[in-house]
K.L.:
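Provided herewith is a single structure, encoded as C-alpha cells, for subsequent inquiry.
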Amino acid sequence: LAAHLSEQGDAASLDEVLRYVEEVVSIYRKLADEQPAAYLFDLARSLSNLATHLSEQGDAASHREALALATDATGIFRKLAAEQPTAYLPGLAISLNTLANRLSE
C-alpha cells in the first residue's frame, strides 16, 4: 500500500505513506523491545525505509530526521552483522548505502 501511494506522488499520498511507515516503525519498536532477536532486523529495515521516505520531503527538518533514522538503522545492522555476519552483512551493506545517500543530501 505504501509503495502504491508513493508512486502516486501527490502531497496527500506522500503524507499518507509517511503515516503508514511511521506506524510500521512504531509496531516494530514495540516488538523489538519485547523480542529483540526476532524483530530487530525488521525494525532496522523499517527505520531505513522511513528515512528514505522522509528524505523525499525535501525540507531540512525531514532531512535531519531521515539522517538520524538511517544512522539508527545502520547501528542495529552493525550489531546484527557482528553476531551473525552471514545473515546480516547484506542488510548492513544496504543500510550503509542508505546512510551514505542521506549524508549526501
Side-chain angles (χ1 to χ4, degrees):
L1 177 61
H4 173 73
L5 291 170
S6 184
E7 288 172 3
Q8 291 183 340
D10 61 80
S13 294
L14 293 176
D15 286 344
E16 193 171 1
V17 167
L18 281 177
R19 283 195 306 275
Y20 286 128
V21 178
E22 287 169 345
E23 184 177 1
V24 169
V25 168
S26 176
I27 291 167
Y28 279 128
R29 279 191 198 281
K30 289 176 187 170
L31 291 169
D33 284 346
E34 294 170 8
Q35 296 179 23
Y39 294 107
L40 273 177
F41 174 78
D42 295 311
L43 174 59
R45 281 190 346 189
S46 63
L47 289 168
S48 187
N49 189 33
L50 179 55
T52 298
H53 286 292
L54 277 170
S55 71
E56 294 169 356
Q57 297 297 301
D59 61 278
S62 294
H63 171 72
R64 283 190 300 274
E65 187 176 354
L67 183 57
L69 291 166
T71 301
D72 290 347
T74 300
I76 293 169
F77 274 116
R78 282 189 193 282
K79 178 183 177 200
L80 292 170
E83 295 170 1
Q84 295 181 353
T86 303
Y88 296 114
L89 276 176
L92 176 57
I94 292 168
S95 183
L96 288 166
N97 187 56
T98 300
L99 179 57
N101 288 337
R102 301 298 72 84
L103 285 167
S104 70
E105 296 175 335

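Computed from a predicted structure; not experimentally measured.
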K.L.:
Looking only at non-hydrogen atoms, find the nearest pair between Ala66 and Arg102 and report the distance.
P.N.:
CB-CD, 3.8 Å
K.L.:
Given side chains that start at C-beta, do those of His53 and Leu14 come closer than 4.5 Å, heavy atoms only?
P.N.:
no
K.L.:
Taking all non-hydrogen atoms of both residues into account, name the closest pair between Ala73 and Ser95 and its distance.
P.N.:
C-OG, 3.6 Å
K.L.:
I'd like to know if the side chain of Ser48 reaches the main chain of Ala44, judged simply by a donor and an acceptor atom lying under 3.5 Å from each other, with no hydrogens or angles considered.
P.N.:
no
K.L.:
What distance do Tyr28 atom OH and Leu50 atom CG have between them, rounded to the nearest 0.5 Å?
P.N.:
14.0 Å
K.L.:
Which distance, rounded to the nearest 0.5 Å, do you find between the OG1 of Thr52 and the CG of Asn101?
P.N.:
7.5 Å
K.L.:
Distance from Arg29 atom CZ to Ser46 atom OG, nearest 0.5 Å?
P.N.:
7.5 Å
K.L.:
Drop me the distance from Arg64's CZ to Leu54's CG, to the nearest 0.5 angstrom.
P.N.:
12.0 Å
K.L.:
Given a cutoff of under 4.5 Å between side-chain heavy atoms of I, L, V, M, F, W and Y, with clusters grown through shared members, what are the other residues clustered with Leu103?
P.N.:
Leu67, Leu99
K.L.:
Tyr20 pairs by side chain to side chain donor-acceptor pair (under 3.5 Å) with which of Glu16, Glu22, Glu23?
P.N.:
Glu16
K.L.:
Taking the side chain as every heavy atom from C-beta outward, state whether Gln57 and Leu18 have any atom pair closer than 4.5 Å.
P.N.:
yes
K.L.:
Locate the shortest heavy-atom distance separating Glu105 from His63; write the atom from each residue and the value.
P.N.:
OE1-ND1, 3.4 Å
K.L.:
Between Ala82 and Pro85, which heavy-atom pair has the shortest distance, and what is it?
P.N.:
O-CD, 4.3 Å
K.L.:
Between Leu43 and Ile27, is there shared hydrophobic-cluster membership here, with clusters defined by ILVMFWY side-chain heavy atoms closer than 4.5 Å?
P.N.:
yes
K.L.:
The criterion is ring pair (Phe, Tyr, Trp, His ring centres under 6.0 Å); which residues satisfy it with Phe41, sequence neighbours excluded?
P.N.:
Phe77, Tyr88
K.L.:
When rounded to the nearest 0.5 angstrom, what is the spacing between CG in Leu80 and CG in Leu92?
P.N.:
9.5 Å
K.L.:
Can you list the steps and then say if Leu96 with Arg78 is a side chain to side chain contact (heavy atoms under 4.5 Å, CB included)?
P.N.:
CA-CA 10 Å; Leu96 288 166; Arg78 282 189 193 282; 3.4 Å; yes
K.L.:
Report the distance from atom CD1 of Ile76 to atom CZ of Arg45, rounding to the nearest 0.5 Å.
P.N.:
12.5 Å
